[in-house]
Amino acid sequence: MRICMIGTGYVGLVSGVCFSDLGNSVYCVDKDKDKIDFLNKGKVPIYEPGLDELIKKNFKQKRLFFTTDLKHAVQKSDIIFICVGTPTKKNSDSANLKYVFQVANELKKIIKKYKIIVTKSTVPVTTGDKIEKILIKLKRKKLVDIVSNPEFLREGEAIRDFVYPDRVVIGTNSKKANRILKNLYLPIIKKSSRYLQTSRRGAELIKYASNSFLATKISFINELANLCEKTNVDIKDISNGMGLDQRIGDRFLRAGPAYGGSCFPKDTRALIDTANKYKIDLSIVKSTVKSNNLRKIQLTKKIEKILDKKVKNKKITFLGVTFKPNTDDMREAASIPMIRYLNKKNCEIRYYDPSGEKKEFKPLKNVKYFKNIASACFKTDLIIIHTEWNEFKLLNFKKLVKRNNFIVYDLRNIYSPEKMRELKIKYFAIGR
Ligand SMILES: NC(=O)c1ccc[n+]([C@@H]2O[C@H](COP(=O)([O-])OP(=O)(O)OC[C@H]3O[C@@H](n4cnc5c(N)ncnc54)[C@H](O)[C@@H]3O)[C@@H](O)[C@H]2O)c1
């Protein structure tokens with residue numbers, strides 16, 4: 001099949017590349033010319049394991065194209081995926097749909113024969129209806145079907161998630177569009193995944209409901225970790241004990257810092273905002289957002305407590321700053337407010353992240369990026385393990401720090417408190 005992905009960001013690029021790897025011809029379009037030039041030079045703008053190889057392979061096979069020419073890409077394609085960003089609007093909680101509607105307005109001028117327009121971007125319930133209104137003339141002439149197909153991939157595991165999804169959700173009441181899309185996804189759904197056809201509005205809401213539920217699971221276990229710290233219980237026992245119950249499941253049930261990333265924070269806010277418009281009080285999601293905001297403050301205060309409130313001029317090393325491992329995405333990472341706060345308190349912050357230096361910290365005086373773990377930890381006062389990258393899992397802290405009396409604060413519960421005690425390392429973790 002011939003496919004056009006509009007928006008070559010995380011979702012558009014990964015899904016476009018995976019569709020091309022299944023044998024389809026895929027045009028990845030972006031209005032960002034630098035990004036398209038970069039991709040056409042064989043470079044990859046995001047850090048995602050395995051993506052590099054797949055791009056090279058399919059680009060060489062001439063199944064994968066990168067372009068800024070929307071008209072050409074749309075005319076060449078049967079299925080058009082809208083994959084542009086839907087960030088939070090400034091000074092509001094609602095999703096900013098201006099990029100989505102810009103695309104719909106551009107498509108209105110281009111489409112001359114039947115195309116399926118699929119919204120892969122995460123959009124509030126009824127957005128498909130609004131896109132249909134923009135394209136009403138095309139709809140009346142039966143030149144378009146507008147479908148919702150939310151994407152559930154996780155950064156860092158995006159290729160695996162795309163090829164082996166738990167489910168593929170297609171929101172449409174058009175038999176024709178459903179048949180064509182089922183065919184497109186056939187190689188994926190054959191691998192025992194589930195294909196779920198719903199109403200378009202239903203598909204839009206499934207995405208927000210899923211993300212808000214997962215965010216709630218994280219906040220729930222984070223709050224329980226606070227209780228464990230007071231009652232001398234290990235939160236890992238609670239996570240295991242709960243997770244073994246198949247009705248609950250063990251995923252997204254590990255205590256740590258506040259959740260971050262490009263989806264959970266903005267999608268929880270947007271869902272509350274949508275519900276408010278319909279005068280529905282989503283009190284549980286509201287509590288999750290509140291709890292997560294509080295979490296950032298709680299852990300920063302804990303850092304001050306660990307340092308006996310004498311944080312001024314202390315050397316603090318962050319190992320990992322991204323919101324999760326195997327991605328370079330810094331959107332709403334918990335490390336940002338934590339580092340900004342400590343920086344204001346005149347600490348000397350050093351950080352190392354396998355995905356490289358971060359633009360978010362460049363304007364901050366006394367926040368320095370180090371190219372390796374050893375130089376970031378050398379003679380530091382406090383090591384904070386913020387992100388669970390594999391390379392932080394077997395560290396010899398004494399060898400790295402080369403001084404006594406340093407402290408380790410393990411926000412991911414990677415190390416054993418008993419072993420650290422044996423090694424005489426002052427160690428703090430989450431909920432234990
Ligand atoms: N990042 C994830 O892990 C993830 C997972 C599932 C769903 N989503 C959803 O998918 C959508 C995209 O997210 P993302 O992280 O890929 O966003 P992104 O910001 O990484 O990429 C969006 C891209 O769209 C391009 N763009 C904007 N307007 C355009 C236009 N008119 N024409 C062509 N290109 C245009 C931008 O230049 C940018 O490259 C969002 O709604 C997000 O919530 C993201």
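Along the sequence shown, residues are numbered consecutively beginning with 1. All values reported here derive from a predicted model rather than from experimental measurement. Each ligand, and each atom within it, is numbered from 1 in the order the structure gives. Below, all heavy atoms of this structure are taken into account, side chains as well, without hydrogens, waters or symmetry copies.
With respect to Glu332 and Arg269, a salt bridge is recorded, a charged nitrogen being found less than 4.0 Å from a carboxylate O. Look at Glu388 and Arg254 and you find a salt bridge, because one of the NZ, NE, NH1 or NH2 atoms lies within 4.0 Å of a carboxylate O, short of that distance. Salt bridge Arg201/Asp129: present, at least one basic N to carboxylate O contact under 4.0 Å. A salt bridge links Asp37 with Lys33: at least one charged nitrogen is closer than 4.0 Å to a carboxylate oxygen. A salt bridge is absent between Lys89 and Asp273: the closest approach of a Lys/Arg side-chain nitrogen to an acidic carboxylate oxygen does not fall below 4.0 angstrom. The existence of a salt bridge linking Asp234 and Lys236 is excluded, since no basic side-chain nitrogen approaches an acidic carboxylate oxygen closer than 4.0 Å.
When each atom of ligand 1 is checked for a heavy atom of Gly85 under 4.0 Å away, the hits are 22 (C). The atoms of ligand 1 that sit less than 4.0 Å from any heavy atom of Ser262 are 1 (N), 2 (C). For ligand 1, the atoms closer than 4.0 angstrom to any heavy atom of Glu155 are 1 (N), 2 (C), 3 (O). Each of the following atoms of ligand 1 lies closer than 4.0 Å to a heavy atom of Gly7: 23 (C), 24 (O), 25 (C), 34 (N). Every atom of ligand 1 is numbered from 1 in the order shown, and the set under 4.0 Å from a heavy atom of Lys207 is 6 (C), 7 (C).
Looking at Val84, Asn96, Thr327, it is Val84 that brings a heavy atom closest to atom 35 (C) of ligand 1. In this comparison of Lys33, Glu157, Arg154, Lys266, the heavy atom closest to atom 42 (C) of ligand 1 sits on Lys266.
Looking only at heavy atoms of the protein, atom 21 (O) of ligand 1 is closest to Gly9 CA, 3.1 Å. With respect to atom 13 (O) of ligand 1, the closest heavy atom belonging to the protein is Val11 CG2, 4.2 Å. Nearest protein heavy-atom neighbour of atom 31 (N) of ligand 1: Val103 CG2, 3.6 Å. The closest protein non-hydrogen atom to atom 38 (C) of ligand 1 is Asp30 OD2, 3.4 Å. Looking at atom 30 (C) of ligand 1, its nearest protein heavy atom turns out to be Lys31 CD, 3.8 Å. Residue, atom and distance of the protein heavy atom nearest to atom 32 (N) of ligand 1 are Ile6 CG2, 3.8 Å. Of the protein's non-hydrogen atoms, the one nearest atom 5 (C) of ligand 1 is Leu153 O, 3.5 Å.
Annotation: Glu151 places no N or O atom under 3.5 Å from an N or O atom of ligand 1; distance criterion only. For the pair Arg331 and ligand 1, the shortest N or O to N or O distance falls below 3.5 Å. Polar contact check, Thr122 against ligand 1: a nitrogen or oxygen pair lies under 3.5 Å apart. Where the criterion is an N or O separation shorter than 3.5 Å, residue side chain and backbone included, Thr86 meets it with respect to ligand 1. For ligand 1, the polar-atom distance check finds an N/O of Tyr10 within less than 3.5 Å of one of the ligand's N/O atoms. Backbone and side-chain nitrogen or oxygen atoms of Lys35 are examined, and one is located within less than 3.5 angstrom of a nitrogen or oxygen of ligand 1. Polar contact check, Asp329 against ligand 1: no nitrogen or oxygen pair lies under 3.5 Å apart. An N or O contact shorter than 3.5 Å is missing between Gly12 and ligand 1 by distance.
Lys56 contributes no side-chain N or O that, together with a main-chain N or O of Gly42, makes up a donor-acceptor pair within less than 3.5 Å.
The cationic group of Lys35 does not satisfy the cation-pi geometry with Phe66, failing either the under 6.0 Å distance to the six-membered ring centre or the 45° limit from the ring axis. Cation-pi geometry between Arg350 and Phe318 is not met: the NZ or CZ atom fails to fall both under 6.0 Å from the ring centre and inside 45° of the normal.
The closest side-chain heavy-atom distance from Glu155 to Tyr47 is not below 4.5 Å. Side-chain contact check for Phe65 versus Lys76: every heavy-atom pair is 4.5 Å or farther apart.
Between Phe19 and Phe162, the angle of the ring planes goes over 60°, which puts this pair in the perpendicular group of the 30/60° scheme.
For Phe370 and Tyr352, the ring centers are positioned 6.0 Å apart or more.
Glu223 CD to Arg295 CZ: the interatomic distance, rounded to the nearest 0.5 Å, is 8.5 Å.
Contact annotation for Cys263 and ligand 1: only side-chain heavy atoms (C-beta onward) come within less than 4.0 Å of the ligand. With a 4.0 Å heavy-atom cut-off, ligand 1 is reached by the backbone of Ser121 and by its side chain too.
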